[in-house]
Amino acid sequence: MLIRLPPRHDILPSEITPEGVYLSRRKLLGGALAAGALALWPAVAGADRAGLVPAVADDPRVPAWLRRQVAARRPGSLSAPPDALTPFEDVAGYNNFYEFGTAKDDPAEQARDFVPHPWRVRIDGEVGKPLDLGLEDLLRNVTLEERIYRFRCVEAWSMVVPWTGFPLAQLLRRAEPTSRAKFVAFQTLHDPDRMPGQRSRWLRWPYVEGLRIDEAMHPLALMSVGVYGRTLPAQNGAPLRLVVPWKYGFKSIKSIVRISLVEKLPRTTWAELAPDEYGFYANVNPSVDHPRWSQKRERRLPNSLFSPNWVDTLPFNGYGDQVASLYRGMDLRRYY
Ligand code: MTE
């Protein structure tokens, strides 16, 4: 998300102007760059990511049962775009995870020592059976599958990622949603000691996101615990994150500790910070430009900004045949 760099002293979110350009403090190239950096910044930030990606496949800090369960994933049926996969190094080296810094290579570096085990997730609100589950209980008897999804960031870069996970609907059903459950609210861990980005106050922590209940129940909405057959690297949202492939990437909230079924449209981090730029629905839509850039095309990682290989962005990120009916009758220019 391209936002203005907060000054050294902490400021309230309400004081942040969502216009302008965010410059990473480590990649700060001088005030003179401010105008041009909007285009330059992501490419610069990704330039030195080689070597930042830990060998997660056999990370001894991850429980062996989880590594085995992820490795034993089955091929999923609801995926497989014809596009080439984005290399693991880019999936795990070019990230947005503001709890671990604001440059694209900050999360891989700053989350190195983040060990998300043990981990608990609470499911509460409008449910018949509130749950408070350790990760092992959450994944007990769950068949993990691999789904290859396109992943489109609102910043106009994209990836094709083999996620390992299971349908969110499966987890929600275990809590027995009541008829008053109209929306689902998700919350990331809040722990500034372990997530240093949360010590600054430019975003209101914890990061929160939400879906309408029918979106959350859609078979494409995935809870992911792995990529490329390995458990999720911390920078990708370990141990458990959401992946909603037809929406801009900011809806895919990471490191989830709480899921609440609620009656009213929940508060969401980016819509609260800049409602004109990041809506609640955030369906990928090439015909609605972001106020500061076009959404018609996207840069597939690992291509740089200067690569000629930009591709057309597809409505609903190419999943329209499966999800467009969720929005029948809605003006998607208004509810973006
Ligand atoms: N979840 C949390 N908790 N914090 C974040 O900063 N960034 C979002 C989303 N989920 C974010 C988050 C954004 S803007 C994007 S594009 C994706 O994560 C990036 O996911 P990736 O780094 O695994 O590619």
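Atoms within each ligand, like the ligands themselves, are counted from 1 in listed order. Only a predicted model underlies this, so the values are computations on that prediction, with no experimental measurement involved.
At a cut-off of 3.5 Å, with distance as the only test, no side-chain donor of Asn95 or Lys104 sits close to an acceptor on the other residue. The closest side-chain donor-acceptor pair between Glu215 and Tyr327 falls under 3.5 angstrom. Judged by distance alone, the side chains of Tyr98 and Trp205 never bring a donor and an acceptor atom under 3.5 Å apart. Side-chain atoms of Tyr149 and Arg147 form a donor-acceptor pair, as typed in the model, at a separation below 3.5 Å. With 3.5 Å as the limit, one finds no donor-acceptor pair spanning the side chains of Arg150 and Ser158.
Counting heavy atoms under 4.0 Å from ligand 1, residue Phe151 touches it through the side chain alone. Under 4.0 Å from ligand 1, heavy atoms of Asn96 appear from its side chain as well as its backbone. For Tyr207, every heavy-atom contact with ligand 1 shorter than 4.0 Å involves the side chain, none the backbone.
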Steps toward salt bridge (Lys or Arg N to Asp or Glu O under 4.0 Å) verdict (Glu145, Arg74):
CA-CA 4 Å; Glu145 53 180 288; Arg74 304 228 175 105; over 6 Å; no

Take Asp113 and Arg194 through the salt bridge (Lys or Arg N to Asp or Glu O under 4.0 Å) test and state the conclusion after the steps. CA-CA 8 Å; Asp113 297 326; Arg194 294 163 73 206; over 6 Å; no

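Taking only nitrogen or oxygen atoms, main chain and side chain alike, Trp270 does not reach within less than 3.5 Å of ligand 1. Of the N or O atoms in Trp157, none lie within a sub-3.5 Å distance of an N or O in ligand 1. The shortest N/O to N/O separation between Thr188 and ligand 1 falls below 3.5 Å.
Look at Arg122 and Asp124 and you find a salt bridge, because one of the NZ, NE, NH1 or NH2 atoms lies within 4.0 Å of a carboxylate O, short of that distance.
The protein non-hydrogen atom at the shortest distance from atom 17 (C) of ligand 1 is Gly249 O, 3.5 Å.
By the 4.5 Å heavy-atom criterion applied to side chains, Glu272 and Arg204 are counted as neighbours.
Close approach to Asn95 involves these atoms of ligand 1, each under 4.0 Å from a residue heavy atom: 21 (P), 22 (O), 23 (O). Residue contact check: Cys153 has heavy atoms under 4.0 Å from atoms 16 (S) of ligand 1. Annotation for ligand 1: atoms under 4.0 Å from non-hydrogen atoms of Tyr98 are 5 (C), 6 (O).
At least one heavy atom of Ser252 sits less than 4.0 Å from an atom of ligand 1. Ligand 1 does not have Lys251 within reach: every non-hydrogen atom of the residue lies 4.0 Å or more from it.
Of the candidates Lys254, Glu99, Arg241, Met159, the one placing a heavy atom closest to atom 1 (N) of ligand 1 is Lys254.
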